[in-house]
Amino acid sequence: MQAKAAVNQKSGNILNNAFASHFAKSMFLSVTALAILSFIGTRMFTHVDLNLYGYMVGTIVFIGGFFYRFIAWGERPPTKLILKKGLKLLFRKSTPKTSVEHLATYNFIWNRGIYRWTQHVLIGWGCILSCFVTFPLVFGWMYFTMDDNGYYNIIAMGMKVMTVPADGIIANLSYNALNITAVMVIAGVCMALYRRLKNMQARAEQKFLYDFMPLYMLLLVSITGLALTFMNIFLHGAGQPAMSLIHQWSVIITLIYLPFGKLAHIPFRPMSILARNYREHYAEQGMKECKVCGDQFVSAEQSKDVVDVLCVNDIEFKAKEGHHLAEMCLPCRRKYRIAQFSGFPTHEVKVKEANQNAKG
Amino acid sequence: MKKRLYLELENCIGCRSCLAACTQCGGHEERNRNYVYDVNPLVNRQTMPLMCLHCENPACARSCPAQAIQIHETGAVLSALVEKCIGCQNCTIACPYGIPKFDQEQNLMYKCDLCIDRTKDGIPPMCASVCPSNTLQWLTDEEIENKKKQFNLDNGKWVTSMPYLEGETNVKVNLPGILQGITKLF
Ligand code: HEM
Ligand code: SF4
Ligand code: SF4
């Protein structure tokens with residue numbers, strides 16, 4: 001038994017040692033996975049759509065940038081902590097509900113404002129649905145064949161999943177899927193641009209490369225995509241090859257930009273579920289009591305983790321009384337600072353903090 | 001000319017104008033991000049404001065797993081980026097002064113951003129603009145240096161941040177009256 005474990009560990013090491021870094025390993029594994037999936041999906045590369053070759057290169061560059069960013073980011077002490085502990089707690093009863101609320105319905109953005117929520121649903125879902133359609137097509141995981149009798153076959157991973165009338169609702173929805181999502185994205189991006197021109201906070205902080213560039217890129221992708229349809233239907237395909245190139249180029253640039261700019265929040269956001277689970281789980285395990293007033297203000301685990309993370313950053317907040325500043329609840333910590341200024345121990349006076357909201 | 005926020009804490013008369021002004025800053029969405037405390041609430045009326053001191057090595061940003069707290073080129077430590085903050089609340093635990101606030105419904109941290117829409121163009125932040133008692137001022141380093149001379153504190157009691165704070169900060173704090181033993185007149 002023990003010998004077996006040792007062998008396992010050893011072979012694990014061999015696999016890890018074969019690569020120069022985490023980055024190389026992740027990159028190799030995902031490109032291999034993509035290749036295998038495409039091989040199966042295209043029935044041994046017999047159904048490759050060469051028009052889509054540019055996307056394939058773009059996707060692979062994107063994966064490189066993505067792993068580079070994600071791994072560098074995961075090495076930061078606080079990030080590593082939440083990732084490690086959060087992944088262990090992935091399967092809690094509340095996980096499905098939290099995931100839907102955080103990643104699909106965006107309830108928390110609703111609470112920031114209905115305008116911002118509408119804007120994000122249009123952009124987010126427009127993009128997610130587009131990807132569900134595009135990626136399987138690009139890698140040959142899904143394609144269509146037409147029977148003589150006016151029926152369409154939808155083929156996924158080499159298997160026929162559905163046969164639908166070529167002029168039916170489902171067929172029309174699937175021809176137009178990308179047009180519908182393009183309109184969603186355009187509407188959402190316009191809302192975002194309008195907000196960026198009007199909202200003072202946004203205006204103060206926004207930078208061209210970080211805030212506007214992704215919006216313009218999404219706009220370019222959607223408009224050139226719609227233009228392709230327009231040229232097909234109304235111009236009998238005139239100008240199509242050129243527009244197709246522009247469209248491909250814009251998608252590839254967006255993909256390559258994604259891990260480095262604002263859109264990086266898309267792959268990183270699921271961490272909010274890990275953070276929520278981490279807080280819920282450790283709050284049940286035991287709460288930290290404020291060293292001054294005894295209020296339970298955070299889980300004991302998180303309190304300790306934050307102290308450790310600060311320590312790694314060479315930040316150590318020791319109070320004269322011997323405890324760490326992070327061991328005081330927030331109001332006590334503020335009063336404690338007032339006490340340091342004035343010399344009078346404000347935090348020890350048992351009076352609630354008065355009027356902190358400027359309401360008269 | 002680079003100016004910074006400078007506090008003469010015991011000038012504070014507790015009017016809470018700074019809290020009210022904070023709510024009106026562009027993007028603060030009518031919620032204030034600063035504090036005013038009674039020093040000895042059961043005995044006298046002395047109050048002092050407390051706001052983010054914009055640390056040079058901000059614990060809030062160091063503890064953030066999402067890199068949501070950015071440091072502006074002016075040195076201001078900004079509020080959480082809305083698309084990055086994952087709502088872990090590490091920053092509220094890490095800040096040595098208990099400054100960041102957290103909104104459970106929006107799953108978002110918000111804190112003083114030194115009214116970056118104003119201060120990036122050299123306009124004083126809202127709180128300093130309205131403070132009627134000169135507790136909150138917007139001064140150049142030279143002017144702060146002159147204050148130091150004016151108070152004639154060669155006894156090592158001048159407080160511009162260290163050692164009364166936990167680290168170097170961009171906001172400078174001072175207590176000239178109390179340190180000189182001057183009794184308050186109001
Ligand atoms: C995985 C699920 C996602 C989550 C949890 C998420 C979360 C967020 C949040 C919280 C914001 C800030 C919104 C605000 O407070 O106004 C935001 C902004 C944004 N999101 Fe997402 N997002 C997700 C997916 C996507 C996708 C798939 C796209 C499509 C490209 C996208 C594009 C954007 C853009 C462009 C903005 C900036 C809008 C602006 O300029 O103000 N997001 N996202
Ligand atoms: S005072 Fe607190 S919130 Fe402000 S920069 Fe320092 S650590 Fe961050
Ligand atoms: S609550 Fe938001 S801003 Fe604060 S540490 Fe967590 S992710 Fe960062």
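In what follows, every chain begins at residue 1, and chains take the letters A, B, ... in the order their sequences are listed.
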Can you tell me how far apart [atom1] ([X]) and [atom2] ([Y]) are? Round to the nearest 0.5 Å.
{"X": "Ile86(B)", "Y": "Tyr278(A)", "atom1": "CD1", "atom2": "OH", "value": "10.5 Å"}
{"X": "Cys95(B)", "Y": "Leu310(A)", "atom1": "SG", "atom2": "CG", "value": "10.0 Å"}
{"X": "Leu165(B)", "Y": "Arg337(A)", "atom1": "CG", "atom2": "CZ", "value": "6.0 Å"}
{"X": "Asn57(B)", "Y": "Asn313(A)", "atom1": "CG", "atom2": "CG", "value": "7.0 Å"}
{"X": "Glu316(A)", "Y": "Glu166(B)", "atom1": "CD", "atom2": "CD", "value": "11.0 Å"}
{"X": "Ile338(A)", "Y": "Leu9(B)", "atom1": "CD1", "atom2": "CG", "value": "6.5 Å"}

By a 4.5 Å heavy-atom criterion (distance strictly below it), what part of [X] contacts chain A: side chain, backbone, both, or neither?
{"X": "Gln89(B)", "result": "both"}
{"X": "Lys84(B)", "result": "both"}
{"X": "His72(B)", "result": "neither"}
{"X": "Cys18(B)", "result": "neither"}
{"X": "Cys85(B)", "result": "backbone"}
{"X": "Asp113(B)", "result": "side chain"}

Option in [options] with maximal non-hydrogen atom pairs under 4.5 Å from chain B:
{"options": "Glu327(A), Gln340(A), Arg116(A)", "result": "Arg116(A)"}
{"options": "Val306(A), Val298(A), Leu325(A)", "result": "Val306(A)"}
{"options": "Lys318(A), Arg76(A), Arg334(A), Lys335(A)", "result": "Arg334(A)"}
{"options": "His347(A), Met328(A), Lys288(A), Gln302(A)", "result": "Gln302(A)"}
{"options": "Pro345(A), Pro78(A), Pro77(A), Ala326(A)", "result": "Pro78(A)"}
{"options": "Lys80(A), His324(A), Arg112(A)", "result": "Arg112(A)"}

Quick check: closest heavy atoms across [X] and [Y], and the distance to 0.1 Å?
{"X": "Glu83(B)", "Y": "Arg269(A)", "result": "O-NH1, 3.1 Å"}
{"X": "Arg333(A)", "Y": "Ile93(B)", "result": "NH1-O, 3.0 Å"}
{"X": "Thr346(A)", "Y": "Val39(B)", "result": "OG1-O, 2.8 Å"}
{"X": "Phe317(A)", "Y": "Ala59(B)", "result": "CE1-CB, 3.6 Å"}

Item to check | side chain to side chain contact (heavy atoms under 4.5 Å, CB included) evaluation trace for Phe341(A) with Leu50(B) | outcome: CA-CA 11 Å; Phe341(A) 291 139; Leu50(B) 184 66; 4.2 Å; yes
Any non-hydrogen side-chain atom of [X] less than 4.5 Å from a side-chain atom of [Y]?
{"X": "Asp103(B)", "Y": "Phe108(A)", "answer": "no"}
{"X": "His265(A)", "Y": "Leu81(B)", "answer": "no"}
{"X": "Leu330(A)", "Y": "Phe102(B)", "answer": "no"}

Option in [options] with maximal non-hydrogen atom pairs under 4.5 Å from chain A:
{"options": "Pro49(B), Cys64(B), Gly87(B)", "result": "Cys64(B)"}
{"options": "Leu78(B), Leu108(B), Asp38(B)", "result": "Leu108(B)"}
{"options": "Cys25(B), Pro96(B), Gly26(B)", "result": "Pro96(B)"}

Checklist entry - If you measure from the Lys or Arg side-chain nitrogens to the Asp or Glu carboxylate oxygens, is any gap between Glu73(B) and Lys207(A) under 4.0 Å? => result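 Salt bridge between Glu73(B) and Lys207(A), a charged N being under 4.0 Å from a carboxylate O: no.
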